[in-house]
Amino acid sequence: MARPIEIDLVSDTSTRPGRAMLEAMTTAPVGDEQRGEDPTVIALNERVAAMLGMEAALFLPSGTMCNQIAFVVHCRPGDEIIVADSAHVFGSEGAGASTFAGAQFRTVDAPRGIFDAAAVTAALRTPRMRRPRSRVVCVEQPTNRGGGAVWPVETLDAVCAVGHEAGLATHMDGARLLNAVVATGVSAERFCAGLDSAWIDLSKGLGCPVGGVLAGSAAFIEAAWDWKHRMGGAMRQAGVLAAAGLYALDHNVDRLAEDHANAKILAARLSALEGVAIVPPEVETNMVFIDVAATRTTAPAIAAALQEEGIRMGVESPTTLRAVTHLDVDRAGVERAADVVAAHLASRS
Ligand SMILES: *Cc1c(COP(=O)(O)O)cnc(C)c1O
């Protein structure tokens, strides 16, 4: 029988709510969220809106729903969303933008998931009959499949300015925005200065079991409320869940620095192994993409060897693994993972 997973690097969604978070959940004041009567949800929405420098915010069951609702509010059928080719919204959300918003993606080449203002200009469509309408520029901060890279503020600002000049809306998939904040010291509000809508995930590095919070103008959030309800995302005593979010914002943000430090340690240990490359080589947040093409083994074989030792990493391709650090994996855990990879490589040499 397979050994239970003790060190789970497959994603930062693997975190379990700790005792103190659960305690906060059990003591939260609650009401009917769908009627706008849950005080804990209201407090969470206000907190995130202020943090992102937006007028209003909306608690939703998932980050995916934050993206999808943003697209339906921003787009009409026939619209086009400019986005990095490696973006989560493009590759990992079941083609939701075409399903719900009737919009299609215009992907741009984006090393590490980051593109510049010139790429937006090149992707913009001049209005003409039969052409899709350019409508949204979407950025992912930090990038996920771009290796956890952080968009510099100047690049973000320039991309948003070009989008706005052309009459487009700007949207940020900020699933791990607070990782970018902790990694750089730049505030969430500053990162979001050029964005019409942005959201953070509570269920990634922040360690909550459920939820994302979408923010934007008051009018945008009013429209988003209609879609939340329509899609079945309106809840009842959701303060139980929002309380976890408030707890996480108080206790689990600064500590993201530990995850980044552990990711760097893992990357340093692995890149010292013959044939192993970290891509991109610089680890900025909590993601480590491990290229093993130049070794005598494969990504699935390494994952299997790790699994035997109670460790899990994601297999991205036959030659690439992904490891994501989070609050349930400590330094000893990443050192152990590196030891197991080293031993497996040694056994194949
Ligand atoms: C996880 C993730 C999402 C989706 O969030 P869920 O809460 O899992 O629905 C969207 N974008 C990025 C970049 C993510 O990593």
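What you see is a predicted model; the values in this text were computed from it and never measured. Order of appearance sets the numbers: ligands from 1, and atoms from 1 within every ligand.
- Through chains of ILVMFWY side-chain contacts below 4.5 Å, Ile7 is grouped with Leu9, Ile265, Leu266, Leu270, Leu273, Val276, Ile278, Val283, Val288, Ile290, Val292, Ile302, Leu306, Ile311, Met313, Val315, Leu321, Val329, Val334, Val340, Val341, Leu345.
- For ligand 1, the protein residues placed under 4.0 Å by at least one non-hydrogen atom are Ser62, Gly63, Thr64, Asn67, His88, Glu93, Glu140, Asn144, Asp173, Ala175, Arg176, Trp199, Asp201, Ser203, Lys204.
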Let me have the donor-acceptor pairs involving side chains of residues 148-155, under 3.5 Å, with sequence neighbours excluded, atom names and distances please.
residue: Trp151; atom: NE1; partner: Glu140; partner atom: O; Å: 2.8

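- No donor-acceptor distance shorter than 3.5 angstrom exists from the side chain of Thr15 to the backbone of Leu327, with no hydrogens or angles considered.
- For Thr320 (side chain) and Glu316 (main-chain N/O), no donor-acceptor pair under 3.5 Å exists by modelled atom type.
- The ring-ring contact (aromatic ring centres under 6.0 Å, His included) pairs that include a residue from residues 235-266 are Tyr247-His251, where partners are two or more places apart or lie in different chains.
- A distance-only check finds a donor-acceptor pair linking the side chain of Thr170 to the backbone of Gly194 [under 3.5 Å].
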